[in-house]
Trainee: 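Handing you a structure now.
Each chain gets a letter, A, B and so on, in the order its sequence line appears, and its residues count up from 1.
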2 protein chains.
Amino acid sequence: MPVIPPGGAVSDALQPPTSAQCRPATLAGELRSALSVATRRIRSRRGAADLPDQQFTVLAVLLRKGPMTPGALADHEHVQPPTMTRTVNALVELGFVTKEPHPTDGRVVLVRPTEAGESEVRETRRRRDDWLAQQLKGLSADDRATLAQAAVLLRQIAAAGGPAR
Amino acid sequence: MPVIPPGGAVSDALQPPTSAQCRPATLAGELRSALSVATRRIRSRRGAADLPDQQFTVLAVLLRKGPMTPGALADHEHVQPPTMTRTVNALVELGFVTKEPHPTDGRVVLVRPTEAGESEVRETRRRRDDWLAQQLKGLSADDRATLAQAAVLLRQIAAAGGPAR
DNA sequence: TATTGTTATACTCTATAACTATA
DNA sequence: TATAGTTATAGAGTATAACAATA
């Protein structure tokens, strides 16, 4: 049981936001904190047999968009190139993607999902999104619409301001 | 420039969610992915001089709620106890918190923010939330309200389902 | 025995800097 | 020179398992 000193409990209550809480400066802190907690929590629901989060994400992107270069994947996920090299190499070792030389440009590599990768995503997605989907079922349709809209806004914000800095 | 094959561009377009996208199973995947990208992006905006994310968060919690035990902090942030031990120790080394023995229960430790910790949070918050606040200023009041409400819902979801598994 | 916290260990994710190969 | 990618290195964050101290 968390220690909650007198006067502290209110700040965790689940109330709709006041207009003050929509002020950019106030919202920024609150939003950052909520995103951090929720992300960690959702990730922690990953089963031991599942792919780690970033590997899963990259594999899913490849299946949705088709073969891509490591650089394009890094842009898409807003990470630096060496980070994506590592993620892709992990997927290669697991046999979920292959790396192919580009037909005409010798500098470029194409990352292509394998059939094993495809079924892995299918299975993982089924297991891993179960818990979150269950939580979402408990919400009202309005609340789900709010979250869906928030997801769009968050992607918009993440895409803003140039590549990672 | 990301490689976007024909037919792939639509999935990244910034459109309001359709009713299908509000279905729990669909929303779960999309939400998880958006949270992941946004969180990474917001964290990457942290200045080199700023406290790392989790240290900053814990320090801010202590300032808001007063001295707490490591266990209570772990519950609050939905992390495991060893993780919090590490975070608290980092803050002790930086001089931003102190650890005190509990007056009556010898097993318990109280983590208390120092004055240096307080001013560090003030400074860090000013710098680090700047970028996000700037992005939020560019949104409509409606969109900000959506994000504020989403933050509440995300905390609610994070708090659900028992301690971390 | 149960609770609180720590130590030991290991893995994921991320970044910057420096390097190689190709264009 | 410029671009794509990798290697080297380091730091942050997280978890599980095993342990010590106290209640």
Trainee: Hey, is the side chain of B:Thr83 poking within less than 4.0 Å of OP1 or OP2 on D:dA15, counting only N and O atoms?
Mentor: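 The answer is yes; a side-chain N or O of B:Thr83 sits under 4.0 Å from OP1 or OP2.
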Trainee: Measure the distance from NE2 on B:His78 to C1' on D:dG13 and round it to the nearest whole Å.
Mentor: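 It works out to 17 Å between those atoms.
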Trainee: Find the distance B:Asp53:CG to C:dT14:C1' and express it as a whole number of Å.
Mentor: 13 Å
Trainee: What is the distance, rounded to the nearest whole Å, between atom CD of B:Gln55 and atom P of D:dA12?
Mentor: 7 Å
Trainee: Between D:dG5, C:dG5, C:dC13, which one does the side chain of B:Val109 approach most closely?
Mentor: C:dG5
Trainee: Below the 4.0 Å mark, does C:dT14 have OP1 or OP2 next to a side-chain nitrogen or oxygen of A:Gln54?
Mentor: yes
Trainee: Find the distance B:Asn89:CG to D:dT14:P and express it as a whole number of Å.
Mentor: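 Rounded to the whole Å, the gap is 15 Å.
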Trainee: Can you tell me if A:Arg40 touches the phosphate of D:dT14, counting only side-chain N or O atoms and a distance under 4.0 Å to OP1 or OP2?
Mentor: yes
Trainee: Between C1' on C:dG5 and NE2 on B:His102, what's the gap in Å once rounded to a whole number?
Mentor: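 Distance, rounded to whole Å: 14 Å.
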Trainee: Would you please confirm or rule out a distance under 4.0 Å between OP1 or OP2 of C:dT4 and any side-chain N or O of B:Lys99?
Mentor: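 No.
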Trainee: A:Val108 has a side chain; which of D:dT7, C:dA10, D:dG5 sits nearest to it?
Mentor: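 Nearest to the side chain of A:Val108 among the choices is D:dG5.
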Trainee: Out of C:dT22, D:dG5, C:dG5, which nucleotide sits closest to the side chain of A:Arg107?
Mentor: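 From the listed options, C:dT22 comes nearest.
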Trainee: Indicate, with a heavy-atom threshold strictly under 4.0 Å, whether B:Pro70 touches base, sugar-phosphate, or nothing.
Mentor: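 Sugar-phosphate contact only.
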Trainee: Return the 5'-most residue of the pair A:Gly71, B:Gly106 with respect to DNA chain D, ranking by each residue's nearest nucleotide.
Mentor: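 Its nearest nucleotide lies further toward 5', so the answer is A:Gly71.
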Trainee: We want to know whether B:Thr146 and A:Thr146 form a side-chain donor-acceptor pair, criterion being a heavy-atom distance below 3.5 angstrom.
Mentor: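 No, no side-chain donor-acceptor contact under 3.5 Å.
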Trainee: Does A:Leu94 belong to the same Ile/Leu/Val/Met/Phe/Trp/Tyr cluster as A:Leu63, with side-chain heavy atoms less than 4.5 Å apart forming each link?
Mentor: yes
Trainee: Identify whether B:Val109 and B:Met68 are in the same connected component of the hydrophobic contact network (ILVMFWY, side-chain heavy atoms under 4.5 Å).
Mentor: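 Different clusters: B:Val109 never reaches B:Met68 through Ile, Leu, Val, Met, Phe, Trp or Tyr contacts under 4.5 Å.
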Trainee: Identify, with sequence neighbours excluded, every residue that meets side-chain contact (heavy atoms from CB on, under 4.5 Å) alongside B:Val108.
Mentor: B:Thr69, B:His102, B:Asp105
Trainee: Given atom CE of A:Met84 and atom C1' of D:dT7, what is their separation to the nearest angstrom?
Mentor: 17 Å
Trainee: Counting only side-chain nitrogens and oxygens, does B:Gln80 get under 4.0 Å of the OP1 or OP2 atom of C:dG5?
Mentor: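 Looking at the OP1 and OP2 atoms of C:dG5, neither is under 4.0 Å from any side-chain N or O of B:Gln80.
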Trainee: Looking at C:dG5, I'd like to know if its phosphate oxygens (OP1 or OP2) sit under 4.0 Å from a side-chain N or O belonging to B:Thr85.
Mentor: no
Trainee: Look at all strands and tell whether A:Thr104 reaches a base, only sugar-phosphate, or nothing, counting heavy atoms closer than 4.0 Å.
Mentor: sugar-phosphate
Trainee: Expressed as a whole number of angstroms, how long is the span from A:Glu100:CD to D:dA4:P?
Mentor: 19 Å
Trainee: In whole Å, what is the span from the CZ atom of B:Arg86 to the P atom of C:dA8?
Mentor: 12 Å
Trainee: Select one nucleotide: of D:dT14, D:dT7, C:dA15, the one nearest the side-chain heavy atoms of B:Val79.
Mentor: D:dT14
Trainee: Among the candidates D:dA8, D:dA15, C:dT14, find the nucleotide nearest to the side-chain atoms of A:Pro82.
Mentor: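 Out of D:dA8, D:dA15, C:dT14, the nucleotide with an atom closest to A:Pro82's side chain is D:dA8.
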Trainee: Hey, any chance B:Val37 and B:Leu136 share a hydrophobic cluster, counting ILVMFWY side chains that come within less than 4.5 Å of each other, even indirectly?
Mentor: no
Trainee: Going by atom types alone, do B:Arg155 and A:Ser33 pair a side-chain donor with an acceptor below 3.5 Å?
Mentor: yes
